[in-house]
Structures are given as structure tokens and as C-alpha cells.
Amino acid sequence: MPAISKVFIPAQDDAIAQAILGEEKRQAEGLELIASENYVSPAVLEALGTVFTNKYSEGYPGNRYYGGQTYTDVVESLAIERAKQLFGAEHVNVQPHSGAPANIAAYFAILEPGDTVLGMDLAHGGHLTHGHPVTYIAKLFKFIRYKTTEEGSIDYEEIERLAREHKPKLILVGYSAYSREIDYARVKKIADEVGALTMADIAHIAGLIAAGLMNNPVPLFDIVTTTTHKTLRGPRGGMIMCKAALAKKTDKSVFPGFQGGPHENTITAKAIAFAEALKPEFKEYGKQIMKNAKVLEKELRELGYKLMFGGTDNHLLLIDVSGKNATGKEAEKALDKAGITVNKNMIPNDPRSPMDPSGIRIGTPAMTTRGMKEPEMVKVAKWIDRAILAKNDEAELAKIKDEVKELCKGFPVPGIK
Ligand SMILES: *Cc1c(COP(=O)(O)O)cnc(C)c1O
């Protein structure tokens with residue numbers, strides 16, 4: 001039975017203490033398969049709760065609007081230096097509060113309202129912030145969307161055709177549900193031909209790129225955005241990397257263009273996470289994430305699931321569950337009851353709707369952080385299948401939940417007592 005990992009909160013706020021304890025138990029006893037989630041290290045967790053949260057530090061190291069910046073400058077400069085080293089970036093801004101604000105700030109660093117952007121369709125793996133009609137950003141820029149091919153890969157020929165036709169100011173790559181490698185050089189060549197700038201959003205795969213296991217767009221592209229909390233395993237936050245020529249525009253766009261004071265406690269945690277990612281152990285972690293994803297791919301395929309994009313080159317799998325007489329929503333719900341957290345997800349050319357699509361998305365970063373390897377993945381695939389098939393059988397789902405809990409006992413979550 002986990003005990004709350006806090007001292008002061010239980011002493012003064014029981015309702016919140018209970019909720020924290022509940023969440024700690026949930027994270028410890030369940031299997032986290034949401035591809036965008038991870039468990040940060042105890043040091044990263046500790047950094048988030050430091051006195052840096054008290055400090056206003058608008059501006060950048062060495063050039064701030066308020067006094068008292070001796071130590072904020074130290075942590076922010078270290079975060080920047082470490083990120084540069086990690087990705088080979090010419091310039092880094094570590095202030096974006098999260099991935100979506102990083103993207104908005106990046107757009108405004110290089111675009112004028114009304115400009116045309118070529119980005120991937122959400123249903124084919126793109127992100128909301130890549131111009132989905134529900135976002136404000138879609139009202140400001142003209143988004144043209146490319147898709148994936150029937151075989152499942154990015155349709156580079158369509159990018160080429162649409163680029164020639166629409167002459168976009170920016171070509172955007174980088175996705176939330178796409179499981180294959182990206183040919184940045186090919187996109188850069190198309191962009192150069194039509195005079196477009198290039199932007200990559202590596203939010204999902206930043207950790208695998210940092211570990212040297214996937215292609216790195218940073219040396220090639222004009223501007224690259226990322227979250228720091230997915231495979232990179234840092235605090236919830238964002239970051240922008242760009243060419244030196246865009247440094248001023250990018251910094252101005254983040255502050256004062258879009259945000260106010262940076263969250264220096266989060267930036268401290270980013271600096272710590274980047275140092276962790278520079279260690280050889282992080283490369284091993286990345287390799288295991290990918291090995292685990294490959295085992296899930298093989299096992300689920302053998303169990304009769306259709307994997308979108310033909311499989312995986314990274315940490316995630318987009319799975320069509322319609323062949324198992326289930327919808328994505330039903331699968332998500334059944335798996336939740338079985339102690340396995342996933343998210344329903346649209347599949348390419350999905351005949352269903354976003355709130356009840358045909359697929360689920362799963363990923364291995366969080367399980368891998370707990371130390372789970374190939375033998376555990378075989379079990380996980382079997383549980384996924386059993387839970388989806390037993391979607392209306394409460395007893396069977398409860399039984400799986402107990403089995404999941406038992407396995408999880410052997411793989412503690414960092415930072416939870
Ligand atoms: C997660 C994600 C984002 C948004 O990040 P938030 O931190 O949720 O704002 C942006 N782009 C891509 C590709 C993502 O996967």
C-alpha cells in the first residue's frame with residue numbers, strides 16, 4: 001500500500017492529500033500505455049517543487065526585466081547549453097510552457113497572419129496545433145494538409161505536389177500518432193525548391209532523437225519544437241530550437257510576443273532532465289523503448305490486430321480495433337477497467353468520429369522507465385487482447401486488473417514510495 005510521498009500537504013489540506021495519494025496509487029498499480037506519458041526521475045520531480053517557482057524572470061539570461069537573477073540565470077543557461085549539446089542546436093529557447101505554446105510561438109517567429117503552411121492531417125498522425133480547424137491558429141494561417149499513403153508512410157510525393165501548387169511559406173513535419181521514421185532531408189529538398197521554411201515538431205520522439213536512435217531534424221531544419229515531458233522524460237514543458245539566424249525572432253516571439261514570465265522551477269527540471277538524457281544510460285533506455293514497441297507490434301499482429309502505418313520504427317503503435325468487434329472508445333474503457341491506460345485515436349481515413357474512433361494508440365516509454373522489458377511486453381499484448389474481447393465482462397476485466405497490479409508491484413514508479 002503506497003503512502004503519500006509528501007509531508008506538508010497532508011498536514012494542512014486533507015482533500016488534496018487524498019487526491020495525490022490516489023493518483024500515486026493509480027500510477028503505481030496500473031500500466032501506463034499512453035504514448036505521450038512518462039515517469040520523471042525523482043530529481044526532476046524535486047526540481048519542480050523548488051523555490052524557483054517564486055521568481056519572476058521575464059527576459060533571458062543576462063538580460064532580464066527584474067533584479068535578483070543570479071541563480072535563475074545559472075539554471076536557464078545550463079538548460080540551454082545542455083539542450084544545444086543534446087540536439088546539436090545553434091539556438092535554444094527553453095521558456096515555452098508546453099508543446100502547444102511552443103508551436104504557436106514558433107509560427108509567429110517565422111510567419112505573418114494569412115501565410116500558407118503545409119502540415120499533416122490530424123487523422124493521419126498530425127497534432128491539433130498543426131492547423132486543425134478547431135484551433136485559433138487555423139483562423140490565422142492558411143493550412144494545407146497532406147496525408148499518409150495507402151501503404152501507411154508519409155506521402156512525400158503529395159507533399160511535393162502540394163508544395164509546388166500552394167507555394168507555402170512553411171512546411172511542417174512531426175506527429176503525435178505516426179509510428180515511422182521521417183525523411184527530413186527529402187522534405188528539406190522540397191522546401192528549398194519552393195522557397196519554404198522548414199519546421200519539425202518532435203514532441204513525441206525527442207527522447208529517441210536525443211538518444212541518437214532516430215533521424216535528427218535539428219541540423220537540417222530552420223526551426224524545431226518539442227515537448228520535454230514525453231520520450232525526453234523531463235518536466236511538462238516545451239522548447240524551441242532554431243538556426244542562429246532565427247534566434248532573435250524566436251526569443252522575441254516567446255517573450256514578449258506570446259508568454260509572460262518563464263517558469264524557472266520547470267526550467268530547472270528541464271536542465272536536470274537534459275543532463276540525464278546526455279548520459280549513456282539514456283541511450284540504453286531509448287533502445288529498450290524501441291525493442292519493447294517491436295515486441296508489442298509482433299505480438300499484437302499475431303493476435304490479429306491491424307497496425308496502422310504497417311508497424312513501428314519508434315515508441316508507439318496505432319491499432320485498428322474494429323476487426324475485434326470493438327470501437328476505440330469501447331477498447332479504451334475496457335482497458336481502463338483492466339488497469340491499462342490507453343487513448344482512443346482516429347486511424348487514417350477513419351469512417352468513425354474523433355470521440356468514438358476505430359483505433360487506440362499505445363506506447364512504451366512509461367513502461368520502459370519502470371524497467372519492463374520483452375517478457376513483460378508479451379504479457380501486456382495478451383492482456384490488451386483479453387480486455388478488448390471481454391469488453392462487457394466485468395469479472396474478466398477485474399481479473400486482468402489484479403494480474404496487472406501484481407506485475408506492477410515488481411516495477412516501481414520513480415518518486416513514489
Ligand atoms: C503533445 C504534442 C504537442 C502538444 O504538447 P502539449 O504539451 O500538450 O501542449 C504538440 N505537438 C505534438 C506533435 C505533440 O505530440
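Counting from 1, the numbers follow the sequence of the chain as shown. Both ligands and their constituent atoms are indexed starting at 1 by order of listing. Note that the structure is predicted; figures quoted are calculated from it, not measured.
Atom NE2 of H166 and atom OG1 of T116 lie 8.0 Å apart (nearest 0.5 Å).
Between the side chains of S5 and E24, at least one donor N or O lies within less than 3.5 Å of an accepting N or O. Side-chain polar atoms of N93 and Y60 form a donor-acceptor pair below 3.5 angstrom.
Not a single N or O atom of G174, backbone or side chain, sits closer than 3.5 Å to an N or O atom of ligand 1. Geometrically, ligand 1 and Y175 share no nitrogen or oxygen pair separated by less than 3.5 Å.
Contact annotation: for R236 versus ligand 1, there are no heavy atoms closer than 4.0 Å. Only side-chain heavy atoms of A203 come within less than 4.0 Å of ligand 1; its backbone N, CA, C and O stay farther off. Contact annotation: for T225 versus ligand 1, there are no heavy atoms closer than 4.0 Å.
A cation-pi arrangement is present between R233 and Y285, with the terminal nitrogen or guanidinium carbon under 6.0 Å from the aromatic centre and inside a 45° cone about the axis.
Of all protein heavy atoms, the one lying nearest to atom 1 (C) of ligand 1 is K230 NZ, 1.4 Å. Nearest protein heavy-atom contact of atom 7 (O) of ligand 1 is S98 OG, 2.4 Å. Here the heavy atom of the protein found nearest to atom 3 (C) of ligand 1 is H127 NE2, 3.2 Å. In this structure, the protein non-hydrogen atom closest to atom 9 (O) of ligand 1 is A100 N, 2.8 Å. Of the protein's non-hydrogen atoms, D201 OD2, 3.2 Å is the one closest to atom 13 (C) of ligand 1.
K249 NZ: 12 or fewer foreign heavy atoms inside a 6.0 Å radius.
Among residues two or more places apart in sequence or in another chain, the ring-ring contact (aromatic ring centres under 6.0 Å, His included) test is passed with Y39 by none.
With a 4.5 Å cut-off on side-chain heavy atoms, H97 and H263 count as touching.
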